[in-house]
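Written below as structure tokens is the structure these notes are about.
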Amino acid sequence: MEPLEIAEKVKDKFPNEVSNISEFRGQATVTLNKDKITEICRYLNDAPDLYFNYLVDLCGVDYLGKRNTRFEIVYHLYSLKHRHMIRLKTPIAQSELYTDSVVSVWIGADWYERECFDMYGIFFNGHKDMRRILMPDDWEGYPLRKDYPVKGHEKDWSGFLDVLSRAKRFKNFEWHK
């Protein structure tokens with residue numbers, strides 16, 4: 001099935017949720033309201049003619065100063081059976097930094113959602129383990145936000161000395177030639 005055909009099917013099924021459909025270099029993008037993202041993803045996974053059984057990627061984007069709605073979550077879906085793909089986008093306002101989790105549809109979304117939370121501070125409702133995945137638990141801020149200081153915060157992270165100490169201890173286990 002062609003990408004725009006898939007996008008139109010989504011629009012026909014959820015006419016109030018699709019705000020835009022676009023195509024660029026043969027790839028279709030459907031921009032959706034975030035309110036029914038889990039329901040829409042469930043439909044894309046379960047419909048026999050679509051069968052998007054593989055969540056390729058889920059990531060956040062920060063458009064600080066470029067768009068009215070600051071954040072966006074991007075989902076790349078692929079059907080291993082039908083060999084077609086589609087991109088979904090859901091704008092996330094800075095005042096409402098949450099959306100529903102799609103882990104119930106694709107278990108692989110678990111780590112992607114945690115990463116998106118860790119890097120952008122976007123919370124996924126219904127995720128059973130929403131905690132940092134790349135940064136230490138006591139880290140302050142979200143490193144991939146555009147307003148995050150390039151060189152980090154002025155205050156050093158309190159766990160830095162502990163990491164240095166551990167690195168020194170683990171040097172004993174390095175492979176020596």
Side-chain angles (χ1 to χ4, degrees), residues 1-130 133-134 142-148 150:
M1 190 177 300
E2 292 300 315
L4 278 180
E5 268 182 84
I6 298 165
E8 290 300 329
K9 274 186 91 99
V10 174
K11 188 174 182 176
D12 290 344
K13 181 79 175 170
F14 302 95
N16 296 329
E17 302 306 315
V18 175
S19 60
N20 189 37
I21 294 174
S22 62
E23 183 184 27
F24 181 72
R25 295 187 177 175
Q27 295 183 344
T29 301
V30 181
T31 304
L32 306 162
N33 300 323
K34 68 175 186 172
D35 298 337
K36 292 190 177 178
I37 189 65
T38 306
E39 186 180 335
I40 293 168
C41 288
R42 172 66 59 205
Y43 165 72
L44 289 167
N45 183 62
D46 293 352
D49 57 336
L50 300 176
Y51 196 60
F52 284 100
N53 59 334
Y54 180 42
L55 173 66
V56 177
D57 189 23
L58 181 162
C59 62
V61 182
D62 184 354
Y63 290 106
L64 179 66
K66 303 276 185 194
R67 294 185 180 178
N68 291 336
T69 304
R70 179 173 175 182
F71 296 101
E72 194 169 72
I73 299 174
V74 182
Y75 305 81
H76 291 103
L77 310 179
Y78 186 73
S79 170
L80 295 170
K81 180 179 180 183
H82 300 298
R83 297 181 182 177
H84 54 218
M85 64 178 300
I86 196 160
R87 178 184 303 119
L88 307 177
K89 291 182 175 184
T90 57
I92 306 288
Q94 188 167 358
S95 59
E96 297 180 340
L97 287 173
Y98 63 88
T99 189
D100 291 334
S101 172
V102 295
V103 171
S104 63
V105 182
W106 301 287
I107 191 71
D110 184 291
W111 286 58
Y112 293 135
E113 289 180 353
R114 283 182 61 191
E115 182 182 29
C116 192
F117 165 71
D118 197 9
M119 296 292 111
Y120 294 97
I122 298 170
F123 191 83
F124 291 84
N125 296 328
H127 192 287
K128 293 185 176 161
D129 192 18
M130 188 68 10
I133 192 167
L134 299 174
Y142 303 100
L144 289 185
R145 285 188 178 186
K146 298 284 182 178
D147 55 359
Y148 191 83
V150 174

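For the pair T99 and F124, the minimum side-chain heavy-atom distance is below 4.5 Å. For the pair V30/I40, no side-chain contact is recorded, criterion being any heavy-atom separation below 4.5 Å from C-beta on. Considering only heavy atoms from C-beta on, V10 stays 4.5 Å or farther from L88 through its side chain. At least one side-chain heavy atom of E96 sits less than 4.5 Å from a side-chain heavy atom of K34. Residues C41 and W106 form a side-chain contact, since some pair of their non-hydrogen atoms from C-beta on lies under 4.5 Å apart. When side chains are defined from C-beta on, F71 counts as touching D62, because their heavy atoms get closer than 4.5 Å. Residues L58 and V74 form no side-chain contact, since every pair of their non-hydrogen atoms from C-beta on lies 4.5 Å or further apart. The shortest side-chain heavy-atom distance between F14 and E39 falls under the 4.5 Å cut-off.
Note on residues 75-94: pairs passing side-chain hydrogen bond (donor to acceptor under 3.5 Å, both in side chains), not counting sequence neighbours, are Q27-R87, T29-R87, R70-Q94, H76-R87.
The shortest non-hydrogen separation linking A28 to A7 is CB-CB, 4.5 Å. The heavy-atom pair separating Y43 from K9 by the smallest distance is OH-CE, 3.8 Å. Minimum interatomic distance between H127 and V103 (heavy atoms only, all atoms of both residues): CD2-CG2, 3.7 Å.
For the atom pair CD (E5) and CG (D12), the distance works out to 11.0 Å, reported to the nearest 0.5 Å. Remark: N20 CG to K11 NZ distance equals 8.5 Å, nearest 0.5 Å. In this structure, S19 OG and L32 CG are separated by 7.0 Å, a value rounded to the nearest 0.5 Å. How far CE of M130 is from CG of D118: 10.0 Å, rounded to the nearest 0.5 Å.
No more than 12 heavy atoms of other residues, nucleotides or ligands shown are found within 6.0 angstrom of CD on E2. By the neighbour-count criterion of 12 heavy atoms within 6.0 Å, atom CG of N68 is sparsely surrounded, having that number or fewer from other residues, nucleotides or ligands.
Between the side chain of N125 and the backbone N or O of Y98 there is no donor-acceptor pair closer than 3.5 Å. With W111 contributing its side chain and I133 its backbone, the two residues share no donor-acceptor pair below 3.5 Å. In terms of modelled atom types and a separation under 3.5 Å, the side chain of Y148 and the main chain of Y120 share no donor-acceptor contact. Looking at R145, its side chain never comes within 3.5 Å of a backbone N or O of L64 through a donor-acceptor pair. Judged purely by atom type and a 3.5 angstrom limit, N33 has no side-chain atom pairing as donor or acceptor with the backbone of D35.
For Y54, the side chain to side chain donor-acceptor pair (under 3.5 Å) criterion is met by no residue, not counting sequence neighbours. Scanning for side chain to side chain donor-acceptor pair (under 3.5 Å) contacts around S101 gives E113, with sequence neighbours left out.
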- Using the side chain to side chain contact (heavy atoms under 4.5 Å, CB included) rule, take N53 and N45 through it: C-alpha gap first, then chi angles, then the decisive distance, then the call. CA-CA 6 Å; N53 59 334; N45 183 62; 4.1 Å; yes
- Can you list the steps and then say if T69 with Y63 is a side chain to side chain contact (heavy atoms under 4.5 Å, CB included)? CA-CA 7 Å; T69 304; Y63 290 106; over 6 Å; no
